[in-house]
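Have a look at the structure below before the remarks.
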Amino acid sequence: EEILDQNFHIEEAVEWPGLDLKLGQVSGLALDPENNLVIFHRGDHVWDENSFDSKFVYQQRGLGPIEQNTVLVLNPSNAKLLHSMGKSLFYLPHGLSIDKNGNYWATDVALHQVFKLGADDKEPLLILGVALQPGSDRSHFCQPTDVAVDPVTGNIYVSDGYCNSRIIQFSPNGLYVMQWGEGTETSLGTARPGQFHIPHSLALIPDFGQLCVADRENGRIQCFRLETGEFTREIKHKSFGRELFAVSYVPGGLLFAVNGKPYPGEAELVQGFVMNFSTAEIIDTFIPLRKSFEMPHDVVASEDKTVFVGDVHARAVWKFASTEKMEHRSV
Ligand SMILES: O=C(N[C@@H](O)C(=O)O)c1ccccc1
């Protein structure tokens, strides 16, 4: 059995020039099959209190779609722009993930839709949801937050969303299969397993056949069986504080997460977490050396333990790297 060394430590790679990029609100990060960093940002659009009405209908469609390229592909070492796409398609980008075939999966909270894009800039290969129409049936989302695609089955999982509280599974060609989850009755204060208060980010754990969800306003991670949606585990630490924004898994057993900024007077720091997936123990935490986290919104990690964090308010992407090689001792 491999023991993940306990003196694992990551810190900001301060030589990475990606902090000087002129970005809009950074909402999603992903790594493509060549380990390039892909940034999903909002260009000149912002999500603020005027963006939606009380029925979650987007109010700024008069602005038209974002004219800048919203999907940027960067060399992960020197932050050089390799490719950009996704102009005139999105209104308010949110989640981004890339499947094993290199297709991009994106959610747009203004359109209430999920997009499957080929790596070129042609027409989307698949669109789920009805443009600009929030809803909670099998063909509508309400501000969907993220997508995860099972590399084994090709099944599609959507976390839906700010104004729904469910995970929906679609077949590889986009047919509704099943859903699970319900809202948290905030009155009771205690959130039960399978209840969500903004399912905000997804991490698919192929090694264990599970899907983990950042249950944002419940400040916790919940994990479920991919096949059945059956609840398997809650991961919650005091140091998460009130909000847990994003979660990402790296094959080999490490889970990464970022939390939300504490309310004035609360003790918990806004920071990144490295956890041992099997034990759920926190084995390291990290914050930037340059600038500081404002609203870290997504986190993505590669097999060599390089981690990127995107921040929607700081409009920045930081790179973190492990400072010493992981010793995998066999016992
Ligand atoms: O959470 C919010 N936004 C972020 O998640 C984001 O994705 O930008 C938000 C909440 C209230 C009003 C406006 C924005």
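Every number for a ligand or one of its atoms is a count from 1 in the order of the listing.
Applying the side chain to side chain donor-acceptor pair (under 3.5 Å) test to every pair with at least one member in residues 200-209, sequence neighbours left out, gives these pairs: His94-His200, Tyr162-His200, His200-Arg216, His200-His297, Asp207-Tyr249.
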- After noting the C-alpha distance and the side-chain angles of Lys261 and Glu294, does the key distance pass the salt bridge (charged side-chain N to carboxylate O under 4.0 Å, His left out) rule? CA-CA 7 Å; Lys261 202 165 191 167; Glu294 292 182 30; 5.5 Å; no
Would you give me the side-chain donor-acceptor pairs under 3.5 Å for residues 13-22, sequence neighbours excluded?
| unit_1 | atom_1 | unit_2 | atom_2 | d |
| --- | --- | --- | --- | --- |
| Trp16 | NE1 | Pro76 | O | 3.0 |

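When ring centroids are compared, Trp180 and Phe231 stay outside the 6.0 Å threshold. Between Phe115 and Phe90, the distance separating the two ring centers is shorter than 6.0 angstrom.
Note on ring orientation: taking the six-membered ring where Trp is involved, the planes of Phe208 and Phe277 are tilted (angle from 30° to 60°).
The shortest N or O to N or O distance between Asp48 and ligand 1 is not below 3.5 Å. Residue His297 places at least one N or O, backbone or side chain, under 3.5 Å from an N or O of ligand 1.
For ligand 1, the atoms sitting less than 4.0 Å from at least one non-hydrogen atom of His94 are 7 (O), numbered in the order shown with element in parentheses. If you number the atoms of ligand 1 from 1 as listed, the ones under 4.0 Å from a heavy atom of Val312 come out as 8 (O).
Remark: atom 4 (C) of ligand 1 lies closer than 4.0 Å to at least one protein heavy atom.
Counting protein heavy atoms only, atom 9 (C) of ligand 1 is closest to Trp47 CE2, 4.2 Å.
Under 4.0 angstrom from ligand 1, the non-hydrogen atoms of Arg42 all belong to its side chain. Under 4.0 angstrom from ligand 1, the non-hydrogen atoms of Arg216 all belong to its side chain.
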